[in-house]
Every structure is written in structure tokens, then in C-alpha cells.
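What follows is a short report on a single structure.
So you know, we letter chains A, B, ... as the sequences are listed, proteins then strands, and number each from 1.
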Amino acid sequence: MREMTIGQFFPGTSFVHRLDPRTKLLIMLAYIVLVFLVKGFVGYGVLAVFLLAACLSAKVKIGYLLKTIKPIIVIVFITFVLNLFFTEGETPWLSLGPVKIYPEGVRFAVMMALRLIFLLMGTSLLTLTTSPMALTDALERLLKPLNKLHFPVHELSMMMTIALRFIPTLMEETDKIMKAQAARGADFDTGNLIDKAKAMLPLLVPLFVSAFRRADDLALAMEARCYHGGDRRTRMKELHYAKIDGIAAALTLLATLGIVAERIFL
Amino acid sequence: MEILRANDVSFEYDAPEEGKPAVKAVKNVSLSVQQGEFLCILGHNGSGKSTFIKLLNGLYLPKSGSVTVGVWDTTDESHTWDIRQKVGMIFQNPDNQIVATVVEEDVAFGLENMGVEPAEIRRRVDKALSTVNMTEYAKQSPSRLSGGQKQRVAIAGVLAMKPDVLLMDEPTAMLDPSGRKEVMDTVEQLNREKGLTVVLVTHFMEEAMRADRLCVMEKGSIVLEGTPREVFAQTETVKALGLDVPPMLELSERLKNDGIAVRGDPMTIEEMAQELCRLKSEI
Ligand SMILES: Nc1ncnc2c1ncn2[C@@H]1O[C@H](COP(=O)(O)OP(=O)(O)OP(=O)(O)O)[C@@H](O)[C@H]1O
Ligand SMILES: [Mg+2]
């Protein structure tokens, strides 16, 4: 559980690190749209170049980025297999009784798997190079206009901050409770998936009880430090767009043009 | 100069079940805290210490009686945030009072809530972190810190708000001995050097010995008050209230019972050593 790579942040001073978090979020948004727009391997080529460039300039090892796929490898595999068997085309490549595999199926399955992998690698690169605090901050500021529609923007970003803050604490606690229960004979490691899920159930009660206690404590602590919502609140770190944000936006635009061109002309 | 005052204050929690009486956690407590004082509140479990100090910064409002901070009454809502700024609070569990995922952001939290200008926040955060010797951890995640370090970050968060009073509810209860010393040294230094008024709730007698004045609570009331020497000199009463007597006092008490004329109630190991040397030289 400790080896989670998703959501980890490596501080740095690279080009990617120095970008305004709002820029990075917007680029991420564009990237996600692009991943879904891509139609063929040319498009993936463009995306790969884009991702690789970002990765190199952020000084994140490519191997490390690939490792972030590990937790979803099963999902990628299932997606691949399902699409492989259930996409119909004209002439099958292979038929084993009722199971037919079409060239269209192979192509589609590969595309879908690639889509997932690209999505995860992109978001991982974002969280590896941007502190969670900066991300929630950027989100709060980008969504600010929604305040006029009475959407609780500040509350949402505060909730995200607190969630991020308590993930390690609660993981540590889960670990502790698991060890305590294992010491009393609970078995978390053998049996099938359902057995394992059942063994986890007794963990949830103490975990929830403690989470609610923590929530109570935290609410008091926040009140004691003058927290009273987002009105008239200032921030220590203000965000400013700089020249590098323009450069990054231009590069993203270039990649977008490439992929749009692929969609139209190929 | 008086800085905090509780006037005949009572507080009760709603009954745990319907039909049962409300829990009277604090009963008719009066207390005056002077500026620069180091006050320690003792008492065994459930005696109402936590409830009482939460009344002092308006987290809880009295059922009867009143609490004033300077000239403000805690029930006056127009000054709630002034009171919280003047009277900071540190809680027992270091994990449950840190809000942000970066140390310096957490220290800035209170100032951001107060609406302080960004440049001023930066200055105060840096200063507060250096006061508690945590500057080198400014950019780290709080989850990687030790308990004592987390409490020092929490103290920095309060200090940055420039409070007059620091309330602390068993801030060292979940720490190991070295973390405990770390936190208590920081607090004592703030009290002695910066004149910060401290109200400390604790179960540890060696922490209580550092205070200027002790209050012992029992069933929601203050039953014993005085300097540590005065309070602990009443060994039997203190024991009856479910508290430990500091070991050196216990020792001198036993020596006296054995007919050895220990003078001046030595409380620390050094004092005891000196007194024993003096006694030995007299033989
Ligand atoms: N949230 C609550 N709801 C109802 N009753 C409570 C609540 N908190 C405390 N009490 C009760 O109020 C009384 C005083 O509790 P308080 O927490 O102030 O004691 P304490 O001296 O701080 O104890 P400890 O040393 O265990 O921290 C106790 O009888 C307790 O059971
Ligand atoms: Mg308590």
C-alpha cells in the first residue's frame, strides 16, 4: 500500500514544474480531450511526442512514468480483451467456433488500451510535477466564475485539500488496524477475491469511527484558527501567468492542430 | 494585567440519551489569567479540563457565567475572530489539526483566514517557522514529520497569528519523551522570552512543575490552586484527587516520615541532590 505511485509529488524547478498550475490544469484538460479525439496511430504519435517532451523537460524518468500504469494494468487488459472479442467487422482474421476476431477488433482494442495508458501517464505527469496544494488552488481559481451560480467552489477545493492531507494518515491507520487484527488471527492474504473483501470488512468500522473523530477534531481546530469559509480569505501564494505559460500553451495548440488535422485528413 | 477571565462559568453537554440529565462538565469556575503567566490545569480523566479551555477562546460558549478575553466577551459574535486570533489553541492529536499538505501552507492557514496580505503572510510564516526551528521543513509534507515536529508546526501556525495567549490541551500526550521535551522547551521559551501567556492542560507532573501556577480540576470545578510547590506540598490531597506527586517530592516526604529533616521541599533532581549533600555535610 505504501508503494502508491499515483498522486505522489516530486518537487523541482524544471520548465514543467514552474508552469502556473492553472496552465497545467488547462493543458491537462486539452490533453484528455485530445486522447479521446485521436483516431489513429499518427495521432498517438503526436501525443507520445508531446508527453515525451513534457516528461523530459520535467526530468521525470520515463521508466517511472511507465510504472504508474501498474495499478490499472488489469483494467487495461480487460478492456483490451473485451474489445478484441466483441468488436465486429467484415472478414474475421481468426475464428474459433463462436469466437471471431476481426482486424477492426484488434485495431480498436489496441486503441482503447493506448487511450487508457495515455490518460494515466498524462495525469501522473501532472501530479508528479505539481503539488496537490497548487492543484486545488488552481482549480479553485479556475472555477471562481461558478461562484456567481452559487456553486461552492471554495468548499470544494477545501474538501479536496483535506482529503489529500488525510490520505496518508488514513492509510497509515489502515495499516495499523490490519496489523492489529492480523495479530489477533485475521487473515487478509489467502482465499479468493471475495474472501479477501470479506476479511477487509471488519477494518472499515474502526476506520470510519476514527475518521469521524478526526473530522470533529479538525473542524474545531480549523475554527480555532479563524476559518469561516472562503469570503475575504487571502492566499499566501498568488498565482501569476508568465511567459513560459504562453510557450506551453503554444506547444499544446500545436499538438492539438496535429491531431485535428489527423481527424480531418486521414 | 489580566488577559483572560472566567466568571462563575458553567457548561453542560446535551444528555447522551433522551431522558437522562445533561452532563455538567464545568461548574461555576472562576479564574483570572494574567499576561505573561504560565498556568497549568491538572485533573484526572473527565474532570472537565478540555471543556474548560475550549470555553476560553469561544469554541464553546458558557451556559451561565461569562468568559472575557481582554475587553471582549466570548458571546459577542462581532469579536469571535478577534478572540480566536488573540487566543490560539493547540490540540492533543497532532494529526488532526494540520489542514494543509505542505508545512508552510499549514502555518499560513490562520493568516489566510484572517485576510492578511500575501507578502505579510510570507514574512510571518517564515518568522514563525524559524521561532520553532522548523524552517528546513517548510516545503515538506506534514505527514512525514515526527509527532513533536507536527506539534511545533501547529504552534508556528498559531504564533504566526500573533496571539497573546496560547491554550494547549495535552499537546504532548501522544508524543514520545523526546518529542515531549521538544514541545515543552519550545513552549517554555515562548513564555519566558516572548512573554506569551500559556494555559496548559497536562497529565504529566514534570510539565506542571514548569508552570507559574497550577489549577487542579475535579468534577468540573477548580479544587486546588497555587504555585507548583504550594499545590504539591499537600501530598495527601493531591493523591486523593487522583494525581501523581512528583517523584522528588514523594522522596522528601518519605525522608521526613523517617525523621530526616529535609528542608525547602526539593522538587527537581538537582535540588534534591543539593539538599542531600547539605544533609550529609551536617552529619
Ligand atoms: N462531546 C461531548 N458530549 C457529551 N459529553 C462530553 C463530551 N465531551 C466531554 N464530555 C463529558 O464531559 C466531562 C468532561 O470532559 P472533558 O473532556 O472536559 O474532561 P477532561 O478533563 O479533558 O478529560 P481527559 O483528561 O480525559 O481529557 C466528562 O464527563 C465527559 O464524559
Ligand atoms: Mg481532555
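Considering every non-hydrogen atom in both A221(A) and F91(B), the closest pair reads CA-CE1, 3.5 Å.
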Here's a test: name every donor-acceptor pair under 3.5 Å between chain B and chain A, with the distance for each.
from: R84(B); atom 1: NH1; to: E223(A); atom 2: O; distance (Å): 3.1
from: D95(B); atom 1: O; to: R165(A); atom 2: NH2; distance (Å): 2.5
from: N96(B); atom 1: OD1; to: R214(A); atom 2: NH1; distance (Å): 2.7
from: N96(B); atom 1: ND2; to: D217(A); atom 2: OD2; distance (Å): 3.1
from: Q97(B); atom 1: O; to: R225(A); atom 2: NH2; distance (Å): 3.3
from: I98(B); atom 1: O; to: R165(A); atom 2: NE; distance (Å): 2.8
from: E104(B); atom 1: OE2; to: K237(A); atom 2: NZ; distance (Å): 2.9
from: E105(B); atom 1: OE2; to: K237(A); atom 2: NZ; distance (Å): 3.3
from: D106(B); atom 1: O; to: R225(A); atom 2: NH1; distance (Å): 2.8
from: D106(B); atom 1: OD1; to: R225(A); atom 2: NH2; distance (Å): 3.2
from: D106(B); atom 1: OD2; to: R225(A); atom 2: NH2; distance (Å): 3.1
from: E112(B); atom 1: O; to: T234(A); atom 2: N; distance (Å): 3.1
from: E112(B); atom 1: OE1; to: R233(A); atom 2: NH2; distance (Å): 3.1
from: E112(B); atom 1: OE1; to: R235(A); atom 2: NE; distance (Å): 3.4
from: E112(B); atom 1: OE2; to: R235(A); atom 2: NE; distance (Å): 3.3
from: E112(B); atom 1: OE2; to: M236(A); atom 2: N; distance (Å): 2.9
from: N113(B); atom 1: OD1; to: R233(A); atom 2: NE; distance (Å): 2.5
from: N113(B); atom 1: OD1; to: R233(A); atom 2: NH2; distance (Å): 3.4
from: N113(B); atom 1: ND2; to: R225(A); atom 2: O; distance (Å): 3.0
from: V116(B); atom 1: N; to: T234(A); atom 2: OG1; distance (Å): 3.3
from: V116(B); atom 1: O; to: T234(A); atom 2: OG1; distance (Å): 2.5

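Residue F109(B) touches chain A through both its backbone and its side chain, counting heavy-atom pairs closer than 4.5 Å.
Contact check for L111(B) versus M236(A): no side-chain heavy atoms found under the 4.5 Å cut-off.
For chain A, the option among V158(B), V102(B), V116(B) with the highest count of heavy-atom pairs below 4.5 Å is V116(B).
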